[in-house]
Structures are given as C-alpha cells and as structure tokens.
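Each remark here refers to the structure printed beneath this line.
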Amino acid sequence: VNLMLSLKKLNIPKLCMGIQGHMREKVDPESLIKRMEIASSAGLPMTVTEFTSHDTDVEARKDKLVMSMKVFFATPLITGINLWAFTEQYAPFADDMFLTNGPEFTLNVAGEAYMDLVHKEWSTAETFTASGADFSETFSGFRGLYDLVVENSAGEVLKQSQFTVSADGENTVSFEI
C-alpha cells in the first residue's frame, strides 16, 4: 500500500493493485476486513491474484475459502478473485489447497462450496411479467455482468441485451422493445 501511495504522489500511472491471498492459517474475518480496508486506502481497483485456501482437512479448507471469498467479494475495490492452483494436475507441489480430486477434476467439499458461492448464492436470476408499455421493475442483484432476455407470452425472444451491475449499486437499465 505504501508503494502505491508513493507512486500516486509522483503521479505515476497505475491501473490496479494485485493482492496475493494464500490462506494458510485460520481466517479471522475481522482481521481480513481490516487488511482489505488498509489495501483499499490506496484508492485503486484490486485483484486477488493468487487465492489459495490451505488445509489438509478439506472441511477447514472449505471454511477458509468461503470466509475469505465473502470478505473479498464484499470489498468494493476488489474487481476479481483468481484461484491459484486449484487442482493437483497443475500444482503437484502442495496437496493441501485443491478444490478438485483426481484426473477427472471431481469437486471436493471445498470445490463444491466454491461452486455454491459463485453459481448459487452469488447468482441472480429473476423473472418479471410486464404489464404494459411502460413496464418498470426493480431487483437486488450482485455486481457483475447480466444477460437480459425479453420474451413474449409464447416464449419467443423479442430482445436480448447485457448490462453490468456496478459495485456502487446505482444502476438503471433502459431499452425499447
């Protein structure tokens, strides 16, 4: 952080700050939140570039992974979380961090927890029924890229579009059919 603040004072261009996240010890959420607040003080978008959750006990690995991911995801300046060596096929040097087992990449408990977070808990799927030409709807969604599909009552697609929900939560999408 000090390096980023020094570069900022010198007006040296910078795009983003990378943070390594190798969770080897028990994850204390309050401590991790404080670390993310300190890192955020540089005011730059951040990416967790090497996220691993280490533990020989896969249940404890899962708990570290879930807690860390939730803190990272809740940090507004974090724009991405990159898993590092999630399978033994590409990182045979450490057997305490994998989310899959075997050559078929079978998800273990930690891998299943990751998939549940990303594809269930942090996923938003809403269906609305339009009632007239001036239809308006509000929903609460996670930040990220969304696909918008408008269908008629027969299920025919009338319009497709994409929109992004930003971290600040102020988002409006308008379109004509």
Side-chain angles (χ1 to χ4, degrees), residues 1-8 14-127 139-147 162-169 171:
V1 173
N2 289 337
L3 173 62
M4 289 299 141
L5 292 172
S6 296
L7 293 174
K8 207 173 195 178
K14 58 240 148 266
L15 301 174
C16 177
M17 182 166 63
I19 298 173
Q20 291 189 7
H22 299 290
M23 304 306 176
R24 290 185 172 83
E25 304 299 322
K26 183 177 184 210
V27 174
D28 171 26
E30 294 302 317
S31 174
L32 189 54
I33 288 168
K34 286 185 194 292
R35 289 177 183 198
M36 293 302 99
E37 287 172 352
I38 291 168
S40 294
S41 69
L44 294 171
M46 299 179 289
T47 299
V48 181
T49 58
E50 293 185 15
F51 177 58
T52 55
S53 176
H54 294 263
D55 208 297
T56 54
D57 175 358
V58 74
E59 286 289 334
R61 186 182 320 157
K62 173 196 79 162
D63 293 343
K64 289 178 187 179
L65 177 130
V66 168
M67 184 58 62
S68 300
M69 295 266 308
K70 286 183 175 186
V71 170
F72 295 150
F73 194 78
T75 303
L77 286 175
I78 289 187
T79 59
I81 304 167
N82 297 322
L83 294 177
W84 189 256
F86 63 90
T87 178
E88 62 196 318
Q89 305 303 314
Y90 299 108
F93 50 83
D95 62 357
D96 66 345
M97 64 183 184
F98 304 126
L99 305 183
T100 66
N101 297 329
E104 300 299 318
F105 303 104
T106 304
L107 293 175
N108 59 31
V109 174
E112 289 173 0
Y114 170 83
M115 296 300 280
D116 284 346
L117 275 176
V118 174
H119 295 288
K120 291 180 183 171
E121 187 174 333
W122 292 344
S123 180
T124 306
E126 297 284 346
T127 301
F139 81 99
S140 177
F142 291 97
R143 62 183 170 171
L145 183 66
Y146 284 80
D147 293 316
Q162 288 189 324
F163 65 95
T164 300
V165 173
S166 64
D168 65 14
N171 303 277

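When a residue number appears, it is its place in the shown sequence, counting from 1. Keep in mind that the numbers below use all heavy atoms, side chains included, and drop hydrogens, waters and symmetry copies. Please read all numbers here as calculations on a predicted model, not as lab measurements.
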Side chain [X], main chain [Y], donor-acceptor under 3.5 Å:
X    : Y    : result
R61  : D55  : yes
N82  : T47  : no
T75  : V71  : yes
T164 : L145 : no
S53  : L65  : yes

Could I get the full list of ring-ring contact (aromatic ring centres under 6.0 Å, His included) partners for F72, not counting sequence neighbours?
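In terms of ring-ring contact (aromatic ring centres under 6.0 Å, His included), with neighbours along the sequence ignored, F72 is linked to F51.
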Side-chain heavy-atom pair [X], [Y] within 4.5 angstrom cut-off:
X    : Y    : value
Q20  : W84  : no
Y114 : L83  : yes
M23  : L32  : yes
K70  : E121 : yes

Can you name the nearest heavy-atom pair linking [X] to [Y], along with the distance?
X    : Y    : value
K64  : R24  : NZ-O, 2.8 Å
V66  : A113 : CG2-CB, 3.8 Å
G21  : V48  : N-CG1, 4.2 Å
S68  : V27  : OG-CG2, 3.5 Å
P45  : T79  : CB-CG2, 3.9 Å
V165 : F163 : CG2-CE1, 3.9 Å

Gap separating the [atom1] atom of [X] from the [atom2] atom of [Y], nearest 0.5 angstrom:
X   : Y   : atom1 : atom2 : result
H54 : H22 : NE2   : NE2   : 6.0 Å
T87 : L99 : OG1   : CG    : 8.5 Å
I33 : S40 : CD1   : OG    : 11.5 Å
I78 : M17 : CD1   : CE    : 9.0 Å
F73 : I81 : CZ    : CD1   : 7.5 Å

Check whether more than 12 heavy atoms from other residues, nucleotides or ligands sit under 6.0 Å from atom CD of E25, and answer yes or no.
no
Salt bridge (Lys or Arg N to Asp or Glu O under 4.0 Å) evaluation trace for K62 with E59:
CA-CA 5 Å; K62 173 196 79 162; E59 286 289 334; 3.3 Å; yes
